[in-house]
Amino acid sequence: MSVQAFLYVIAVILLVLAALPIPSRGFSLALLGAACALLAYAWPVITG
């Protein structure tokens with residue numbers, strides 16, 4: 001599994017967890033999932 005695919009899987013898991021009524025203190029799971037998805041999307045540009 002490539003790094004990009006791994007980041008997409010982590011992003012999906014975080015977004016699913018953000019949809020559940022789980023209290024998270026100090027950070028937003030949705031924002032963390034969105035940041036991970038953006039990192040996965042930009043991975044080919046970052047690694048060149």
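Screening V16, L14, L20 for a side chain to side chain contact (heavy atoms under 4.5 Å, CB included) involving L29 leaves a single residue, L14.
Atom-to-atom distance recorded for L32:CG and L15:CG is 9.0 Å, nearest 0.5 angstrom. A distance of 12.5 Å separates CG in L31 from SG in C36, rounded to the nearest 0.5 Å. Residue W43 holds its CH2 atom at 12.5 Å from OH of Y8, rounded to the nearest 0.5 Å.
Connection of L17 to V9 is established within a shared hydrophobic cluster, with ILVMFWY side chains joined at heavy-atom distances below 4.5 Å, either directly or through further cluster members. A continuous path of hydrophobic side-chain contacts links M1 to I10 [ILVMFWY only; heavy atoms under 4.5 Å].
A donor-acceptor pair under 3.5 Å links the side-chain atoms of Q4 to the main chain of A40, judged by distance alone.
Side-chain contact between I46 and L39: present, with at least one pair of heavy atoms (C-beta onward) separated by less than 4.5 Å.
Heavy-atom minimum distance, A37 versus A11: N-CB, 3.6 Å.
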